[in-house]
Amino acid sequence: MDLVLIGEGGHSKVIKDLIGSKHAYNLRAILDDKYEQLKLVGDIYIGPISSVHDLVEQMRSSPKFVIGIGNNRTRKSIAERLGLTRESYTSLIHDSAIVSGSAFIGVGSVIMAHTIVNAGAVIGDHAIINSGAIVEHDAYVGDYVHIAPKSLLTGSVVAGEGAMIGAGATVIPGKKIGEWVTVGAGATVIHDLPSYCTAVGIPARMIARSS
């Protein structure tokens with residue numbers, strides 16, 4: 001499978017390693033706005049994100065895309081800017097991840113090394129389940145969510161669109177994290193959190209609201 005990686009920052013480095021670990025994947029292009037024009041360097045195309053349609057024409061194939069950017073809002077903005085169909089994206093799952101056969105993984109999502117996605121869990125589109133994170137049974141992870149390294153969503157937790165669950169955070173069973181919530185690193189969430197807020201601490205308490 002020919003792949004195009006959008007973004008060339010820290011998060012994309014990990015995705016490149018994931019791609020390189022799988023013989024079935026062939027990284028053909030990296031698009032990032034630090035590049036001014038589309039060109040072929042060795043056997044990989046590089047260019048600005050705006051060159052995506054020119055790239056497909058030059059490749060004369062139907063590559064799959066992955067947005068390799070860790071910031072949730074930026075990832076959503078780029079997906080909207082690209083205007084590609086859902087079928088244009090692929091999800092990536094590291095070989096060391098444990099993903100239940102009854103779990104659902106949306107398009108463009110990345111399941112990193114040593115993660116667990118358990119029975120009945122649903123992962124939305126363009127989400128990140130980062131290194132060592134656990135998403136327990138029947139949890140729901142919305143589009144553009146980032147579950148940071150070593151964090152834990154226990155059973156039946158809901159994380160709304162764009163939520164950021166910080167490294168090492170824990171959400172106890174059945175709690176609902178609203179849209180575009182930020183849960184601080186190491187926090188323990190024992191109550192539902194409304195959309196557009198930031199919560200930190202043990203137990204987690206809300207310290208800010210935004211719109």
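All values derive from a computational prediction rather than experimental measurement. This chain uses plain numbering: 1 for the first residue, then up along the sequence.
In terms of the ring pair (Phe, Tyr, Trp, His ring centres under 6.0 Å) criterion, residue partners of Y89 (sequence neighbours excluded) are, by chain and number, H126.
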Q.
Y45 vs K39, test: side chain to side chain contact (heavy atoms under 4.5 Å, CB included). Steps then yes/no.
A. CA-CA 6 Å; Y45 287 94; K39 59 183 178 180; over 6 Å; no
Dump the intermediate steps for side chain to side chain contact (heavy atoms under 4.5 Å, CB included) on V141 and V135, then the final yes or no. CA-CA 8 Å; V141 174; V135 178; 4.1 Å; yes
| query | Does the side chain to side chain contact (heavy atoms under 4.5 Å, CB included) test come out yes or no for Y25 and D2, once each step is laid out? | reply | CA-CA 6 Å; Y25 294 154; D2 289 341; over 6 Å; no
### Query
Can L153 and E136 be said to form a side chain to side chain contact (heavy atoms under 4.5 Å, CB included), step by step?
CA-CA 6 Å; L153 302 188; E136 268 297 346; 6.0 Å; no
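Under the side chain to side chain contact (heavy atoms under 4.5 Å, CB included) test applied with I134, the options T154, I98, I116, V117 reduce to a single match, I116. Applying the side chain to side chain contact (heavy atoms under 4.5 Å, CB included) test between H11 and each of I67, I128, N71, I69 identifies I128 as the sole match.
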Distance-only donor-acceptor pairs under 3.5 Å for side chains of residues 164-181, two or more places apart:
from	atom 1	to	atom 2	distance (Å)
W180	NE1	E161	OE2	3.4

Between side-chain atoms of residues 144-152 and protein atoms elsewhere (two or more places apart, or another chain), which donor-acceptor pairs fall under 3.5 Å?
from	atom 1	to	atom 2	distance (Å)
H146	ND1	G70	O	3.4
H146	NE2	N130	ND2	3.0
S151	OG	A148	N	3.4
S151	OG	A148	O	2.5

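Across every non-hydrogen atom of S109 and I123, the tightest pair is OG-CG2, 4.1 Å. Taking both residues in full, the closest heavy atoms of S131 and M112 are given as N-CB, 3.6 Å, listed atom of the first, atom of the second, then distance. Pairing each heavy atom of A97 with each of I111, the nearest pair is CB-CG2, 4.0 Å. Scanning both residues, N72 and G162, for their nearest heavy atoms gives ND2-O, 3.0 Å.
Taking OG of S156 as the reference point, atom NE2 of H137 lies at 5.5 Å (rounded to 0.5 Å). A distance of 8.5 Å separates OG of S102 from CG of N118, quoted to the nearest 0.5 Å. For the atom pair CE (M206) and SG (C197), the distance works out to 5.5 Å, reported to the nearest 0.5 Å. Once rounded to the nearest 0.5 Å, the distance linking CD1 of I19 with OG of S12 reads 9.0 Å. Considering OG1 of T188 and CD1 of I202, their distance stands at 4.0 Å, rounded to 0.5 Å. One distance of note links CD1 of I105 with CD1 of I93; it measures 5.0 Å at 0.5 Å rounding.
No more than 12 heavy atoms of other residues, nucleotides or ligands lie within 6.0 Å of CZ in R205, so this atom counts as exposed by the packing criterion. Heavy-atom contacts from other residues, nucleotides or ligands closer than 6.0 Å to NE2 of H114 number 12 or fewer.
Remark: D125 engages R86 in a salt bridge, criterion side-chain N to carboxylate O under 4.0 Å.
For the pair T90/F65, no side-chain contact is recorded, criterion being any heavy-atom separation below 4.5 Å from C-beta on. In this structure, the side chains of M1 and P63 stay at 4.5 Å or more apart for every pair of heavy atoms. Under the 4.5 Å side-chain criterion, counting only non-hydrogen atoms from C-beta, E8 is in contact with K16.
In terms of hydrophobic clustering, with Ile, Leu, Val, Met, Phe, Trp and Tyr side chains grouped at heavy-atom distances under 4.5 Å, I129 and V66 are assigned to different clusters. Under the 4.5 Å side-chain heavy-atom criterion for ILVMFWY residues, a single connected hydrophobic cluster contains both I49 and V56. Note on I15: it does not cluster hydrophobically with L31, by side-chain heavy-atom contacts below 4.5 Å among ILVMFWY residues. Hydrophobic clustering (side-chain heavy atoms under 4.5 Å, transitive across Ile, Leu, Val, Met, Phe, Trp, Tyr) groups L40 together with V52. Under a hydrophobic-cluster definition in which Ile, Leu, Val, Met, Phe, Trp and Tyr are linked whenever side-chain heavy atoms come within less than 4.5 Å, directly or via other members, V110 and I6 are assigned to different clusters.
Checking side-chain atoms of K64 against main-chain N and O of E87 turns up a donor-acceptor pair under 3.5 Å.
A donor-acceptor contact closer than 3.5 angstrom is absent between the side chains of S77 and T74.
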